[in-house]
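See below for the structure under consideration.
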Amino acid sequence: MWFPDRPPTRTDISMIGVGVVLLLVNVPFHQPLSWRAIAVGFVAVLFVLGPGANTRLAASVGQWFREIGADGRMGVILLYCCAVVLLLVVVPIRLTFLPHAFIGGILANTLYAVAYVAWAKKGRGWRINQGTN
């Protein structure tokens, strides 16, 4: 499996609650859902969390990201946000696609967290009072 080789932490468990809240807040009840966009977001995030996270490239990027410090990480995040805004201005993307892809990504992340906690509890004998970092 592509789960971390450690017991789930409080952060891992809280991701389930955060994911459910984000889904409830972001699902547009007044318009039809774009299931294609939801599927794209779901598959992309699931790939990044699973096999994509276990590549040599992901390990080197993760190590670099930790080494640049808090200020460097904040700068990278701000540059990423600027690039996304620029991309939205330059590339004509239907605006209904992005929120629905976001919903698919949140759904994938939430289900991944649920599966990780269930796997750790069943497959590794983990209990809630363990791994509470």
Side-chain angles (χ1 to χ4, degrees):
M1 232 29 207
W2 293 303
F3 296 126
D5 191 23
R6 59 170 173 70
T9 62
R10 287 183 185 159
T11 302
D12 296 322
I13 295 168
S14 68
M15 287 306 299
I16 298 169
V18 169
V20 169
V21 169
L22 284 173
L23 284 170
L24 291 174
V25 169
N26 287 295
V27 171
F29 294 108
H30 59 281
Q31 63 183 4
L33 295 174
S34 170
W35 292 105
R36 183 177 300 155
I38 290 172
V40 167
F42 185 88
V43 169
V45 169
L46 207 56
F47 176 78
V48 169
L49 289 172
N54 293 306
T55 63
R56 198 174 319 161
L57 174 65
S60 62
V61 168
Q63 180 181 355
W64 170 79
F65 198 68
R66 287 185 293 277
E67 289 175 355
I68 62 175
D71 291 339
R73 287 191 292 269
M74 183 61 73
V76 169
I77 291 168
L78 288 173
L79 285 173
Y80 171 78
C81 292
C82 291
V84 168
V85 168
L86 183 64
L87 181 71
L88 289 174
V89 169
V90 173
V91 178
I93 299 175
R94 291 184 324 163
L95 290 180
T96 58
F97 182 85
L98 292 177
H100 292 139
F102 177 72
I103 290 168
I106 293 173
L107 182 61
N109 192 36
T110 304
L111 292 178
Y112 179 86
V114 168
Y116 173 44
V117 170
W119 171 80
K121 186 172 183 177
K122 181 179 179 188
R124 302 182 58 131
W126 176 75
R127 294 184 315 272
I128 294 222
N129 60 356
Q130 291 178 331
T132 55
N133 299 342

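Please read all numbers here as calculations on a predicted model, not as lab measurements.
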What about [X] and [Y], same hydrophobic cluster or not, with Ile/Leu/Val/Met/Phe/Trp/Tyr joined at side-chain heavy-atom distances under 4.5 Å?
X	Y	result
I103	F47	no
V40	V84	yes
Y116	L49	yes
F102	L46	yes
I38	V48	no

What's the shortest heavy-atom distance between [X] and [Y], and which atoms?
X	Y	value
L57	S60	O-OG, 2.9 Å
A58	G52	CB-O, 3.3 Å
P32	H100	O-CE1, 3.8 Å

| said: Under the criterion side-chain contact (heavy atoms from CB on, under 4.5 Å), I'd like the reasoning laid out for W64 against V76: C-alpha separation, chi angles, the key distance, then a yes or no. | reply: CA-CA 11 Å; W64 170 79; V76 169; 3.7 Å; yes

| Partners passing side-chain contact (heavy atoms from CB on, under 4.5 Å) against E67 (at least two apart in sequence or in another chain) | Q63

| L24: what forms a side-chain contact (heavy atoms from CB on, under 4.5 Å) with it, not counting sequence neighbours? | V20

| request: May I have all residue pairs that pass side-chain hydrogen bond (donor to acceptor under 3.5 Å, both in side chains) and include part of residues 70-83, sequence neighbours excluded? | output: none

| Side-chain cluster (under 4.5 Å, hydrophobic types only) that V21 belongs to, other residues | V25

Donor-acceptor contacts under 3.5 Å from residues 105-115 side chains, at least two apart:
unit_1, atom_1, unit_2, atom_2, d
T110, OG1, I106, O, 2.8
Y112, OH, W2, O, 2.8

| request: Taking ring-ring contact (aromatic ring centres under 6.0 Å, His included) as the test, write out the residues that go with F42, two or more places apart. | output: none

| Donor-acceptor under 3.5 Å (D12 side chain, T9 main chain) | yes

